[in-house]
2 protein chains.
Amino acid sequence: MKKPPRGESKRGPRPRQLVTLRDIAREAGVSASTVSRIINGTVKVSEERKASVEAAIAKHDFRPHAAARGLALGRTLTIGVLSQAIDSPFYAEGLRGVERRLLAAGYAALFMSGNWNVADEERCMRKFIDHGVDGIIMFSGCLPNAAIKDFAQRCPIVVTGRHLPAPQTYSLPIKDRLGATLAMRHLIGLGHRRIAFIAGSENHPDALERLAGYREALQEARISFEPPLVAHGDWQERGGLIATTQLLESGRAFTAVFCVNDQTAYGAYLALFRAGLKVPEDVSVVGFDDLPSSSYSLPPLTSVRQSVRVLGERAAEAILALVCGRRPQAESPPVELVVRDSTRRL
Amino acid sequence: MKKPPRGESKRGPRPRQLVTLRDIAREAGVSASTVSRIINGTVKVSEERKASVEAAIAKHDFRPHAAARGLALGRTLTIGVLSQAIDSPFYAEGLRGVERRLLAAGYAALFMSGNWNVADEERCMRKFIDHGVDGIIMFSGCLPNAAIKDFAQRCPIVVTGRHLPAPQTYSLPIKDRLGATLAMRHLIGLGHRRIAFIAGSENHPDALERLAGYREALQEARISFEPPLVAHGDWQERGGLIATTQLLESGRAFTAVFCVNDQTAYGAYLALFRAGLKVPEDVSVVGFDDLPSSSYSLPPLTSVRQSVRVLGERAAEAILALVCGRRPQAESPPVELVVRDSTRRL
DNA sequence: CAGTCTTGTGAAACCGGTTGCAGAACTCAT
DNA sequence: ATGAGTTCTGCAACCGGTTTCACAAGACTG
């Protein structure tokens with residue numbers, strides 16, 4: 001019962017740096033310190049030495065060893081980014097924003113997926129710590145706040161989609177409720193009264209807030225809330241398809257569907273299509289997130305837009321600030337409704 | 001004109017490890033070597049010491065410092081993964097596969113996007129090297145083979161979508177031509193003769209191969225190749241929309257469109273929709289890649305499937321093998337045609 | 001021209017792990 | 001009781017950078 005070493009069981013020989021800083025120093029006839037100073041520009045060095053060192057560096061195409069530098073500096077220039085699934089178009093947008101902004105600052109991103117699952121999220125977080133990331137960005141996961149605070153003692157954390165006041169931590173809330181009311185007011189303004197809602201998974205905070213927005217808007221318009229008009233999906237096409245199909249089979253009348261996110265709306269589209277119903281002639285549909293592909297759905301989807309890409313950029317800015325010991329100033333991006341062709345006046 | 005240091009201009013104080021291996025050793029009354037050996041299970045250690053060391057580790061929730069370990073071991077347990085855009089559903093699928101397989105082996109993935117652009121790809125590769133990755137996976141980029149061979153001298157590389165025989169390198173070709181002929185034979189078998197092709201960007205090797213497959217299938221069926229039936233897109237929805245629109249406006253008759261990838265097909269869908277044409281009644285459409293969302297397009301899209309996710313898994317297996325000094329044995333996944341509702345018999 | 005102030009440089013310590021080597025302790029056979 | 005063989009453990013060196021500190025050389029001041 002020997003515990004296998006980390007990683008793969010078989011390993012090759014221990015790899016070495018082909019050319020080290022001291023090799024360069026020897027070749028240029030200076031000390032290692034001088035080479036280090038030239039590379040980092042930390043202290044002024046005489047022109048002639050600088051030239052000969054730079055020549056030696058170029059000649060051997062020398063690149064400092066990352067781990068060694070990381071050890072000495074206490075930094076890895078790496079940020080861990082936790083999303084729920086790297087292949088979800090929603091998170092992909094966010095990751096893109098993060099990547100852009102981090103790259104510009106010289107940082108690289110370690111992406112991992114939590115799979116909407118506390119255990120996986122926790123595992124990812126530990127892995128980030130083990131990899132020595134300088135900071136972590138969490139896209140709204142299901143990890144309890146207490147756990148996050150715990151991790152935050154080891155490295156700064158930026159979390160989107162929730163409010164979490166704690167040291168070494170910064171939150172970028174998502175305006176779920178406001179967005180949902182925007183969508184609903186649009187439908188109500190078009191004369192719709194019987195509006196179904198395809199919700200997300202039951203325990204997810206974003207899902208609950210969007211549901212709250214749905215109810216709030218109904219109340220505002222003095223339309224009574226009918227529980228049977230709410231069906232639960234899974235944030236993905238499949239869930240939207242199933243939920244909408246059930247809703248149709250239940251026989252409850254409705255003239256519009258508000259979906260908790262765009263992927264759910266795509267599923268709803270297919271369910272309506274199979275039932276021979278046309279969007280928007282027979283049923284109006286509104287999504288949430290305004291994914292890039294929503295401009296290309298048939299018909300192009302009306303959706304609530306709070307740019308996830310910008311959210312990612314802001315999150316990246318915030319984590320960089322935290323890492324450098326500054327106070328982040330990033331704000332959540334604005335929410336707006338993008339009206340396309342999936343909704344019509346009754 | 002002072003050169004700013006790497007990363008952000010302002011940095012906080014140099015962070016230190018809160019509790020080190022030697023702290024644990026002192027607390028447990030053993031030497032640092034013993035603690036290291038217990039953590040890695042490299043050598044047998046007496047039960048009593050083991051217990052007291054593990055107690056101390058648990059008490060302080062000690063985690064070894066990644067950079068220090070990386071320095072000593074010469075490994076970072078990190079793999080660089082280059083795709084063209086992290087928010088492209090195509091690459092996202094592949095990244096997902098890579099992530100799964102790497103995580104299982106204890107490795108983490110550093111993802112970066114090359115943006116279909118040689119300069120960016122090169123920059124990413126350098127960044128990977130600078131970050132000390134143990135290996136690199138490249139999803140079919142536009143970097144010339146010579147450049148790749150160059151990078152391969154510093155660390156092993158697995159590349160998909162091309163054939164590149166070189167030491168420290170492994171290729172997983174994509175069966176573009178075969179896939180394209182499958183799609184075309186399907187359309188031709190349904191009685192289509194005037195088949196348009198929406199190609200990708202002109203210089204991309206995958207695009208050229210798919211075009212070659214298109215022509216090959218035409219020739220096989222003794223249908224003459226008509227250059228005006230080929231339009232160029234950009235691998236994305238937008239390009240498919242524009243190209244199809246132009247094709248329609250050109251007045252050339254066609255009964256089917258084969259698109260270089262699914263995203264292009266989504267754009268074609270929208271163009272046809274706007275022109276009042278129905279799929280598949282008026283025009284049949286076939287895509288390539290079988291993205292997950294293609295089951296949910298309206299109508300669900302017939303597409304060539306060579307699972308990118310599996311490709312990613314295979315690539316991950318191959319790079320792990322290379323890193324451990326073994327010979328990779330991974331094969332490209334099989335290609336097949338998935339027939340859905342976007343094609344019909346003439 | 002002596003004394004103080006800069007400025008550039010190298011030796012050595014340090015970051016926090018891993019590991020070769022040698023010695024201690026313990027087993028077992030003679 | 002003694003020697004050989006085995007198992008466990010600690011010392012010290014090492015991985016490859018960065019940085020403190022001391023010092024020498026040159027610039028400036030009175």
Side-chain angles (χ1 to χ4, degrees), chain A residues 2 5-7 11 13-53 57 60 62-77 129-132 134 154, chain B residues 2 5-7 11 13-53 57 60 62-77 129-132 134 154:
Chain A
K2 219 186 307 175
R6 320 199 152 212
R11 330 184 137 180
R14 174 182 347 185
R16 297 282 167 84
Q17 177 92 332
L18 349 78
V19 37
T20 74
L21 181 131
R22 286 177 230 268
D23 296 334
I24 298 294
R26 194 174 328 112
E27 172 144 349
V30 300
S31 76
S33 343
T34 302
V35 178
S36 171
R37 293 194 260 251
I38 289 173
I39 291 176
N40 297 296
T42 42
V43 181
K44 205 157 188 323
V45 173
S46 77
E47 281 306 324
E48 80 185 304
R49 283 166 206 261
K50 192 163 171 176
S52 75
V53 167
I57 289 179
H60 298 293
F62 166 74
R63 332 232 53 171
H65 190 283
R69 167 185 297 229
L71 177 56
L73 247 35
R75 304 236 138 127
T76 55
L77 294 184
I129 304 277
D130 286 350
H131 265 81
D134 296 337
R154 298 206 115 97
Chain B
K2 219 188 307 176
R6 319 198 151 211
R11 327 184 138 181
R14 174 182 349 183
R16 294 284 166 86
Q17 178 92 333
L18 350 77
V19 36
T20 75
L21 181 132
R22 286 175 231 267
D23 295 333
I24 299 295
R26 193 175 327 112
E27 173 144 348
V30 301
S31 76
S33 344
T34 302
V35 177
S36 170
R37 294 195 259 252
I38 289 173
I39 291 176
N40 298 296
T42 42
V43 180
K44 206 157 185 329
V45 173
S46 78
E47 281 306 322
E48 80 185 306
R49 284 167 206 259
K50 191 163 172 176
S52 75
V53 166
I57 289 180
H60 298 290
F62 166 74
R63 329 233 56 172
H65 190 284
R69 171 187 296 236
L71 176 57
L73 248 33
R75 306 234 137 130
T76 55
L77 294 183
I129 304 280
D130 286 350
H131 264 83
D134 296 337
R154 298 203 116 98

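In what follows, chains carry the letters A, B, and so on, assigned in the order in which the sequence lines appear, proteins first and then strands, with residues in each chain numbered from 1.
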Chemist: Under 3.5 Å, which protein N or O atoms sit close to an N or O of nucleotides 13-15 of chain C? Give each pair with its distance.
Modeler:
none

Chemist: To the nearest 10 degrees, how far apart in direction are the end axes of the helix from C:dC1-D:dG30 to C:dT30-D:dA1, each fit to five base pairs?
Modeler: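 Rounded to the nearest 10 degrees, the bend comes out at 50°.
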Chemist: Taking the side chain of B:Arg49 as its heavy atoms from C-beta onward, which of D:dT9, D:dC8, C:dT18 lies nearest to it?
Modeler: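 Minimum distance to the B:Arg49 side chain belongs to D:dT9.
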Chemist: Can you measure B:Glu48 atom CD to D:dT7 atom P for me and round it to whole angstrom units?
Modeler: 18 Å
Chemist: Specify the residues of residues 23-31 of chain A, ordered by number, for which at least one heavy atom lies under 4.0 angstrom from an atom of DNA chain C.
Modeler: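 By residue number: A:Val30, A:Ser31.
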Chemist: Counting the atoms with a prime plus P, OP1 and OP2 as sugar-phosphate, which does B:Ser36 contact under 4.0 Å by heavy atoms, base, sugar-phosphate, or nothing?
Modeler: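 It contacts base atoms.
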Chemist: For A:Asp130 versus B:Ala66, what's the shortest heavy-atom pair and its separation?
Modeler: O-CB, 2.9 Å
Chemist: Going by salt bridge (charged side-chain N to carboxylate O under 4.0 Å, His left out), name the residues that satisfy it together with A:Arg37, two or more places apart in sequence or in a different chain.
Modeler: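 Counting only residues at least two positions away or on another chain, A:Arg37 forms no salt bridge (charged side-chain N to carboxylate O under 4.0 Å, His left out).
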Chemist: In whole Å, I'd like the distance from the CG atom of A:Asn40 to the P atom of D:dG16.
Modeler: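 To the nearest whole Å, that distance equals 17 Å.
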Chemist: Give the minimum heavy-atom separation between A:His60 and B:Arg154, together with the two atoms involved.
Modeler: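 Nearest heavy atoms, A:His60 then B:Arg154: O-NH2, 4.4 Å.
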Chemist: Using whole Å, what does the distance between atom C1' of nucleotide C:dT18 and atom CG of B:Leu21 come to?
Modeler: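 These atoms are roughly 9 Å apart.
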Chemist: Return no unless some side-chain N or O of A:Arg63 is found under 4.0 Å from OP1 or OP2 of D:dG16.
Modeler: no
Chemist: Between B:Ser33 and C:dT18, does any side-chain N or O lie under 4.0 Å from OP1 or OP2?
Modeler: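 No, because none of the side-chain N or O atoms of B:Ser33 sits under 4.0 Å from OP1 or OP2 of C:dT18.
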Chemist: Please tell me which of B:Phe62 and A:Val45 maps to the more 5' nucleotide of DNA chain C, matching each residue to the nucleotide holding its nearest heavy atom.
Modeler: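 With B:Phe62 and A:Val45 compared, the 5'-side residue is A:Val45.
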Chemist: Does some side-chain heavy atom of B:Phe62 sit less than 4.5 Å from a side-chain heavy atom of B:Ile39?
Modeler: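 Touching, per the 4.5 Å side-chain cut-off.
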Chemist: Indicate the atoms forming the closest heavy-atom contact of B:Ala67 with A:Gly70, along with that distance.
Modeler: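 Nearest heavy atoms, B:Ala67 then A:Gly70: CB-C, 3.8 Å.
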Chemist: Among A:Ile57, A:Val30, A:Ile38, find the one that has a side-chain contact (heavy atoms from CB on, under 4.5 Å) with A:Ile24.
Modeler: A:Ile57
Chemist: Within a strict 4.5 Å, meaning less than it, do heavy atoms of the B:Arg69 and B:Asn40 side chains meet?
Modeler: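 Touching, per the 4.5 Å side-chain cut-off.
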Chemist: What's the NZ-P distance between B:Lys50 and D:dC8, to the nearest Å?
Modeler: 11 Å
Chemist: Regarding A:Ser31 and A:Thr34, do their side chains bring together a donor and an acceptor under 3.5 Å, going by distance alone?
Modeler: yes
Chemist: When rounded to the nearest 0.5 angstrom, what distance separates CG in B:Leu18 from CZ in B:Arg63?
Modeler: 12.0 Å
Chemist: With sequence neighbours left out, what residues match A:Arg22 under salt bridge (charged side-chain N to carboxylate O under 4.0 Å, His left out)?
Modeler: none
Chemist: Protein within reach of the bases, or only the backbone? For nucleotides 21-27 of chain D, mark each nucleotide 5' to 3' as B, S or -, using heavy atoms under 4.0 Å.
Modeler: -------
Chemist: Rounded to the nearest Å, what distance is computed from the NE2 atom of residue B:His60 to the P atom of nucleotide C:dG16?
Modeler: 15 Å
Chemist: If every non-hydrogen atom of A:Ala32 is compared with every non-hydrogen atom of A:Ala25, which pair is closest and at what distance?
Modeler: N-CB, 3.7 Å
Chemist: I'd like to know if the side chain of A:Gln17 reaches the main chain of A:Pro64, judged simply by a donor and an acceptor atom lying under 3.5 Å from each other, with no hydrogens or angles considered.
Modeler: no
Chemist: Taking OP1 and OP2 of D:dC8, is either one under 4.0 Å from a side-chain nitrogen or oxygen of B:Ser46?
Modeler: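 The answer is no; no side-chain N or O of B:Ser46 sits under 4.0 Å from OP1 or OP2.
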Chemist: For residues A:Ala68 and B:Leu71, report the shortest heavy-atom separation together with the two atoms involved.
Modeler: CB-CD1, 3.7 Å
Chemist: Side chains of B:His131 and A:Thr76: closer than 4.5 Å at any heavy-atom pair?
Modeler: no
Chemist: Send over the distance from A:Ile39 CD1 to D:dG17 C1', rounded to a whole Å.
Modeler: 9 Å
